[in-house]
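Counting starts at 1 for both ligands and their atoms, in listed order. This is a predicted model, so every value here is computed, not measured.
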Amino acid sequence: MGAKSASAKKRRCDLEASVSKPHPAATPLCALRSSGLSGRLRPPGDKSVSHRSLILGLLCVGETTIEGLLEGDDVLHTASACRQLGATVTRRGEGNWSVFGAGLGSLLSPRETLDFGNAGTGSRLMMGVVGGHAITARFDGDASLRKRPMRRILDPLLLQGARVLEEQKGGRFPILLQGTSEPLPIEYTTPVASAQIKSAVLFAGLNSPGRTVVIELEASRDHTEKMLTHFGAELKVEPHGPHGRKITLEGRPELRAQKVRVPADPSSAAFPLAAALIVEGSDIVVEGVMTNPLRSGLLTTLLEMGADLSLENRRVEGGEEVADIRARYSPGLRGVEVPPQRAPSMIDEYPILAVVAAFASGETRMRGLSELRVKESDRLNAIAAGLEANGVDCAIEGDDLFMRGGAVAGGGHVETHLDHRIAMSFLVMGLAARKGVTVDDQAMIATSFPSFRALMESLGARFA
Ligand code: S3P
């Protein structure tokens, strides 16, 4: 750290080459230094569970009802894709949705392209669904999604019998995928810990006449496994090695339409919680947050840093553990070392962790972040560029991020690269930084947390 300029220049070049500029109608937003955030809020429904509840609804005959669905752009794209594949999807009221599915084995080939916008999860899970049916579909998305690697999904689907009729260089969107009516039962070890890869293979395997086995060497979020079981599939989950899991799915289950209650998204809850820790005089409660251990790496890390966080009213809702989380201003935060094994349980939370660590005393080291390079943006570079723009000393070495915290000057202009989590994280930084922080585009926040600004303002956050 310290020798910033050469690495910063290189990083800016990498970013310019690898990710898109904000779209022409980009709308900047500035977060101003605030004080004393207070109150209670419930963030919107979990994005992972929301995508899966629509998709499982599509695969059942009969009515699946969903309470608390995240009505963010990503999930709305998945809802449209479900309609295009034969489901009747209806919004009954705020967060309350109904899906009359087409049924496993009875999906329709869509006439139009399945446009997933910014949504990596929706598109990758749906590629699994299409790959296991005798239908053909074209997948596409925005400039960010078109840059994301899909080979990791196509590779196992090809083994299962799907065919790629068209793809862009390096297995990128637009992709024309032809599925198969008889997916081969395969045993597949995922090359990286990724719930998206695991889920795509399992969704394709649903229509297989045999057993599909997925092995992961590090456990990733398990919503697909839990929800498949809830919808009537026969699934065995066993430990595999020190940190991994082996999942065995019996093909062609009798899926039954269900009621789904979506818990609040811990990845969205992370923003108000982090804001309360770093904004002087804050004391807030975030309600109904999912505390699934495979999603809780950020909480573990914040507690290690000395955050004043407490989990209250722990309960089970819709098959997931949830709690109300109280967060209070924590002036004594200390830098920590975050081990690489923790990455799957907090993969979406590194941008906001970096923001909290910027206010902690001493050095924070986050190790094993290679997967951050293939998110909605190259998040590793985008985080470092945002930190540097606001006067925070940091360095990337290989796949690790090192940074030194303290008082944050702020005043920076942060490029969001069509990445909602980069936008929200640096806006949270602006609430506590001396000179505030501006992000170049707030539009993408609507992909996962459309009420972000209103909820933060209800706590006392200031934006301009
Ligand atoms: C998700 C899995 C994660 C995560 C994404 C949601 C999911 O991706 O980053 O936001 O719902 O399965 P990977 O599993 O590919 O890391």
For ligand 1, find each of its N or O atoms that sits under 3.5 Å from a protein N or O atom, and tabulate the pairs with distances to one decimal place.
residue	atom	partner	partner atom	Å
ligand 1	8 (O)	Q196	NE2	3.4
ligand 1	8 (O)	K375	NZ	3.1
ligand 1	9 (O)	D348	OD1	2.7
ligand 1	9 (O)	D348	OD2	3.4
ligand 1	9 (O)	K375	NZ	2.7
ligand 1	10 (O)	D348	OD1	3.4
ligand 1	10 (O)	D348	OD2	2.7
ligand 1	11 (O)	S48	OG	2.6
ligand 1	11 (O)	R52	NH1	2.8
ligand 1	12 (O)	R52	NH2	2.7
ligand 1	14 (O)	S194	OG	3.2
ligand 1	14 (O)	A195	N	2.6
ligand 1	14 (O)	Q196	N	3.3
ligand 1	15 (O)	S194	OG	2.7
ligand 1	15 (O)	Q196	OE1	3.4
ligand 1	16 (O)	K375	NZ	2.9

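- Side-chain atoms of R152 and S194 include no donor-acceptor pair closer than 3.5 Å.
- Remark: D400 engages R367 in a salt bridge (Lys or Arg N to Asp or Glu O under 4.0 Å) (not counting sequence neighbours).
- Considering only residues two or more places apart in sequence or on other chains, F449 meets the ring pair (Phe, Tyr, Trp, His ring centres under 6.0 Å) condition with F452.
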For salt bridge (Lys or Arg N to Asp or Glu O under 4.0 Å), just list the numbers for D324 and R315, CA-CA rounded to whole Å, side-chain angles, deciding distance to a tenth of an Å, and then say yes or no.
CA-CA 9 Å; D324 301 334; R315 58 208 185 266; 3.2 Å; yes
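- Judged as a salt bridge (charged side-chain N to carboxylate O under 4.0 Å, His left out), not a single pair has a partner in residues 77-86 (not counting sequence neighbours).
- Side-chain polar atoms of E216 and T190 form no donor-acceptor pair below 3.5 angstrom.
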